[in-house]
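Computation of the quantities below employed the complete heavy-atom set of this structure, encompassing side-chain atoms and omitting hydrogens, waters and symmetry-equivalent molecules. Note that this is a predicted model, so its numbers are computed, not measured. All chains are named by letter (A, B, ...) in the order of the sequence lines, taking the proteins before the strands, and each is independently numbered beginning at 1.
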Protein chains: 2
Amino acid sequence: MKLNTKGRYAVMAMADIAKCGLGGAPSKAVPMAQIAERQHISLPYLEQLFSKLRREGLVSSMRGPGGGYTLARPASQIYIGEIMQAVGEPVKMTRCNREKNESTGCIGGGDCNTHELWSALSDHIYNFLGSISLQDVIDKNVGSFGSLTSNLRAVNEKTGPEAIEEAI
Amino acid sequence: MKLNTKGRYAVMAMADIAKCGLGGAPSKAVPMAQIAERQHISLPYLEQLFSKLRREGLVSSMRGPGGGYTLARPASQIYIGEIMQAVGEPVKMTRCNREKNESTGCIGGGDCNTHELWSALSDHIYNFLGSISLQDVIDKNVGSFGSLTSNLRAVNEKTGPEAIEEAI
DNA sequence: TAAATACTTGACTGCTGTAGTCAGGAATTA
DNA sequence: TAATTCCTGACTACAGCAGTCAAGTATTTA
Ligand code: FES
Ligand code: FES
């Protein structure tokens, strides 16, 4: 259950544009080469991602000298969930593709024991990512959801404090 | 951002024991071979997982004929987060290991743009999994957190209903 | 028009980590 | 002793991720 670079880099790049494109009155275009350098991302790899972001209408591009990328909408109206979806970062905890007849993963036919659980978890993540805007991210305004619950605190007492460290 | 089989199988197996071990007064031991068959999991692979579950004190084992596994605590006192942690399913959206000097991933030194976001997401998932017990799972009592938020509903209007389908 | 800048696209590849296998051993019951 | 079940570590194939490469197209400046 790890986030891969596609989703991570896409959000990092979008945040970079939101932050660095505030020059002129019509927000300044940010060249991809600068993004790649600032965020330490390989340029050709970024190009792949932006191709998708553009296709989904999240960014606008301008070519030629002085060109670059701008956000298609204000940062407060672009949600992280959209970015993830645009670049094809899957947020899917279930492994049953009943419609596609993939026999990979779960028991064919009926639901497995835990289908409801993973489905609820997917929703949970989906809701979270859909509720946070790019503006929230650059403002570091992601809302701490309190500390760990008492349930997990009990767990951590057993496994030691590095478990908490790990979650941060 | 997918759940891998380690975590999934571990929870499936634990749920299986909770469901099928209700025979005698001291709950009946469930042999691993039965779990493997019912849940369609390779037996040697399951053995790996149970080795960890036992080491973390989530299950008790009895060898010999008539032996098998039982839950170490009542199902209502075992939380999904514990199971995940026991088998080493990482729930970590950040990619910065500052303490371990891994230069992999994020920009060394300061935080990247999005550290707070991924950190908050990790917490969010962590809290969720820590709040659901094994009993909740077998009762299908995972609590629907409502449907998608209004934010994401706007997204889905654009990308079509299969996006919703995908999230289920 | 020519040169410079920057975006666009598709195909290709190395490699890490996941998922799963295999063989042998130890405890318990009958 | 024989049968059943758990226990352990080392080993491997392969999908999918992360990243590269190369050639092409569009726009602006001079
Ligand atoms: S996750 Fe859907 S049937 Fe197993
Ligand atoms: S995720 Fe922690 S610094 Fe990037």
Please report, rounded to the nearest Å, how far the P atom of D:dG19 is from the CD1 atom of A:Ile41. 9 Å
Applying side-chain contact (heavy atoms from CB on, under 4.5 Å) between A:Leu46 and each of A:Gln39, A:Met12, A:Met32, report the one that passes. A:Met32
Considering only heavy side-chain atoms of A:Met32, the closest of D:dC21, C:dC7, D:dC6 is C:dC7
Need one value for A:Tyr69: base, sugar-phosphate or nothing, where a base atom within 4.0 Å counts as base even if backbone is also close, heavy atoms only. sugar-phosphate
Would one find more than 12 heavy atoms of other residues, nucleotides or ligands at under 6.0 Å from atom CD of B:Glu47? yes
Using side-chain contact (heavy atoms from CB on, under 4.5 Å) as the criterion, point out the one residue from A:Ile132, A:Asp139, A:Val137 that pairs with A:Gln135. A:Asp139
A:Ser51: which residues meet the side-chain hydrogen bond (donor to acceptor under 3.5 Å, both in side chains) condition with it, sequence neighbours left out? A:Arg55
Correct closest heavy-atom pair for B:Ala29 and B:Thr70 would be CA-CG2, 3.6 Å
Taking the nucleotide of DNA chain D with the nearest heavy atom to each, does B:Gly66 or A:Leu43 sit closer to the 5' end? B:Gly66
Are B:Tyr9 and C:dA19 close enough that a side-chain N or O sits under 4.0 Å from OP1 or OP2? no
Side chains of B:Glu89 and B:Tyr9: is there a donor and an acceptor less than 3.5 Å apart? no
For atom CD of A:Glu37 and atom C1' of C:dA6, their distance in whole Å: 16 Å
Donor-acceptor pair under 3.5 Å, A:Glu47 side chain vs C:dC7 base: no
Any non-hydrogen side-chain atom of B:Met1 less than 4.5 Å from a side-chain atom of B:Met93? yes
May I have the distance from B:Leu53 (atom CG) to D:dT8 (atom C1'), rounded to whole angstrom? 15 Å
Is the phosphate of D:dA18, meaning OP1 or OP2, less than 4.0 Å from a side-chain N or O of A:Ser42? no
Could you state the atom-to-atom distance from CG of A:Leu49 to P of D:dA18 in whole Å? 10 Å
Comparing A:Lys2 with A:Gln48, nearest DNA chain C nucleotide closer to 5' gives the residue A:Gln48
What is the bend of the helix from C:dT1-D:dA30 to C:dA30-D:dT1 when you compare the axis at one end with the axis at the other, using five pairs each and rounding to 10°? 10°
Protein-nucleotide distance (B:Leu46, atom CG; C:dT18, atom C1'), rounded to Å: 16 Å
Would you tell me if any nitrogen or oxygen in the side chain of A:Ser61 comes within less than 4.0 Å of OP1 or OP2 on C:dT8? yes
Whole-Å distance, B:Tyr45 OH to C:dG17 C1', equals 11 Å
When you measure from the side-chain N and O atoms of A:Thr5 to the phosphate of D:dC17, is any distance below 4.0 Å, counting only OP1 and OP2? no
Is the distance from OP1 or OP2 of D:dC17 to the nearest side-chain N or O of B:Arg95 less than 4.0 Å? no
Any side-chain N or O of A:Arg54 under 4.0 Å from OP1/OP2 of C:dT8? yes
On the nucleotide C:dC7, are OP1 or OP2 found under 4.0 Å from the side-chain N or O atoms that A:Ser51 carries? no
Let me see the working for A:Cys20 and A:Arg38 under side chain to side chain contact (heavy atoms under 4.5 Å, CB included), right down to the final yes or no. CA-CA 10 Å; A:Cys20 299; A:Arg38 267 194 299 262; 3.5 Å; yes
Whole-Å gap separating C1' (D:dG24) and CZ (A:Arg63): 10 Å
Measure CG/B:Asn4 against P/C:dT16 and give the value in whole Å, please. 19 Å
